[in-house]
Number of protein chains: 2
Amino acid sequence: MDFRLETFLPYRLNQAAELVSQRFAAQYRARYRMTRPEWRALAALGSYGRMTATEIGANSSMHKTKVSRAVRALEEKRWLKRSEDAADRRIEHLDLTPAGRRIYGEMIALAHEYEQELARLLGADGLEQLEAGLATIEAALAVQPARRGPSD
Amino acid sequence: MDFRLETFLPYRLNQAAELVSQRFAAQYRARYRMTRPEWRALAALGSYGRMTATEIGANSSMHKTKVSRAVRALEEKRWLKRSEDAADRRIEHLDLTPAGRRIYGEMIALAHEYEQELARLLGADGLEQLEAGLATIEAALAVQPARRGPSD
DNA sequence: GTCAGGTGGTTACAGATGTAACTGTCCATT
DNA sequence: AATGGACAGTTACATCTGTAACCACCTGAC
């Protein structure tokens, strides 16, 4: 019976992620009334330019319904606009409006500041080691292609 | 404009936490129809014995409504029972039933296996470095005591 | 051409969550 | 004894989320 939740890696990772995210989220929630899915979609569009909803989902690991709702919210804020694809009418291309790009610029400035604060906290080595750990996890546990066996 | 969500620490931490948690959560969801708050409450009670709902919340960083609901769910599963405090009738003491302890035992076996799997994945050094990073984050960002100034 | 199956995206629904308000209880002050 | 916080725990409500079903459209096999 030597188990302690406080030392269980999944729990600790969640705690750390919560702590780190919440503090940043507090900024965009308060300043721009943005949710996390909206921030992620904005960030994706801001850094890559025109994308489709599916691409945003792939880039920021969001479920397609989350993307759909985030896109609508950003559209209502007039921070992005949709345009139809000439060749395939299922597809919508999404672009930030000038207002959206302005917010994006402000947000990445905040993001950089925050990253620097975290870097100071962790130290250069600490940050590097933490990121190495995260990379290992990502590589090892990332969504594996579906197993196909004789039975399906 | 050199910002990429994929390299933003809060995002990466969330991703890693999701990956690591989901895989473990899949087990208790499938085997025992347990939610994460229920698993956390079970784990707290299993490792510390009799606790109150407030103590569970403090130990496992859960909002009191989450604890309240998890406790009810575990009670309905007959894995815990409540008993009133003789001296203070606001308080409920919570104990696992024998059935609850059995499930707890099975769960910590799974937890240990999973920890070992993660340890193999990360290597002894990697694990240590990752945990050091998490500890720094916890220490630096943990809920600070409320600031008290002249104005409040 | 047509039709089956797949894809991009939305939505109805059910479950999970946090905020705020609530109940019941305790305790310190009077 | 009475009363005004403070605290343990629950609940109503609004919001967010994922699942599954759905629509519109595309494509390849025939």
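Note that the coordinates shown come from a computational prediction; the quantities given were computed from them, not determined experimentally. Chain identifiers are assigned alphabetically (A, B, ...) following the order of the sequence lines, protein sequences preceding nucleic acid strands; residue numbering begins at 1 within each chain.
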Inset, instruction - Take the angle between the ring planes of B:Phe24 and B:Tyr114 and call it parallel below 30°, perpendicular above 60°, tilted in between. - result: parallel

Legend entry - Member of A:Arg33, A:Arg69, A:Lys77 meeting the salt bridge (Lys or Arg N to Asp or Glu O under 4.0 Å) criterion with A:Glu38: A:Lys77

Send over the distance from [X] [atom1] to [N] [atom2], rounded to a whole Å.
X: B:Gln22; N: D:dT17; atom1: CD; atom2: P; answer: 14 Å
X: A:Met34; N: D:dC16; atom1: CE; atom2: P; answer: 14 Å
X: A:Glu38; N: D:dT15; atom1: CD; atom2: P; answer: 14 Å
X: B:Ile91; N: C:dC27; atom1: CD1; atom2: P; answer: 9 Å
X: B:Arg40; N: C:dT17; atom1: CZ; atom2: P; answer: 10 Å
X: B:Asp85; N: D:dG9; atom1: CG; atom2: P; answer: 10 Å
X: A:Asp88; N: D:dG28; atom1: CG; atom2: C1'; answer: 15 Å
X: A:Met62; N: D:dT17; atom1: CE; atom2: C1'; answer: 13 Å

Inset, instruction - Could you tell me whether the phosphate oxygens of C:dG15, OP1 or OP2, come under 4.0 Å of any side-chain nitrogen or oxygen in B:Arg33? - result: no

Inset, instruction - Look at the side-chain N and O atoms of A:Arg89 and state whether any lies under 4.0 Å from the OP1 or OP2 oxygen of D:dC25. - result: yes

Any side-chain to backbone donor/acceptor pair from [X] onto [Y]? Under 3.5 Å, distance only.
X: B:Arg4; Y: A:Ser47; answer: yes
X: A:Thr136; Y: A:Ala132; answer: yes
X: A:Thr52; Y: A:Ile91; answer: no
X: A:Arg40; Y: A:Ser60; answer: yes

Inset, instruction - For DNA chain D, determine which residues of residues 63-79 of chain B have any heavy atom closer than 4.0 angstrom to one of its atoms, and list them numerically. - result: B:Lys64, B:Thr65, B:Ser68, B:Arg69, B:Arg72

Legend entry - Residue-level proximity of residues 48-58 of chain A to DNA chain D when a heavy atom falls under 4.0 Å: none

Inset, instruction - Could you tell me whether A:Glu128 atom CD has more than 12 heavy atoms of other residues or ligands within 6.0 Å of it? - result: no

Inset, instruction - Before giving the answer on side chain to side chain contact (heavy atoms under 4.5 Å, CB included), spell out for A:Met51 and A:Leu94 the whole-Å C-alpha distance, their side-chain angles and the decisive distance to 0.1 Å. - result: CA-CA 5 Å; A:Met51 292 177 96; A:Leu94 307 170; 5.5 Å; no

Inset, instruction - Check whether the side chain of B:Arg90 and the base of D:dC7 form a donor-acceptor pair under 3.5 Å. - result: yes

Inset, instruction - Give B:Arg82 one of three labels, base, sugar-phosphate or nothing, depending on what nucleic acid heavy atoms sit under 4.0 Å from its own. - result: sugar-phosphate

Legend entry - Least distance between heavy atoms, A:Glu115 atom then B:Leu9 atom: OE2-N, 3.9 Å

Inset, instruction - Could you please name the option among C:dT17, D:dC7, C:dG8 that lies closest to any side-chain atom of B:Pro37? - result: C:dT17

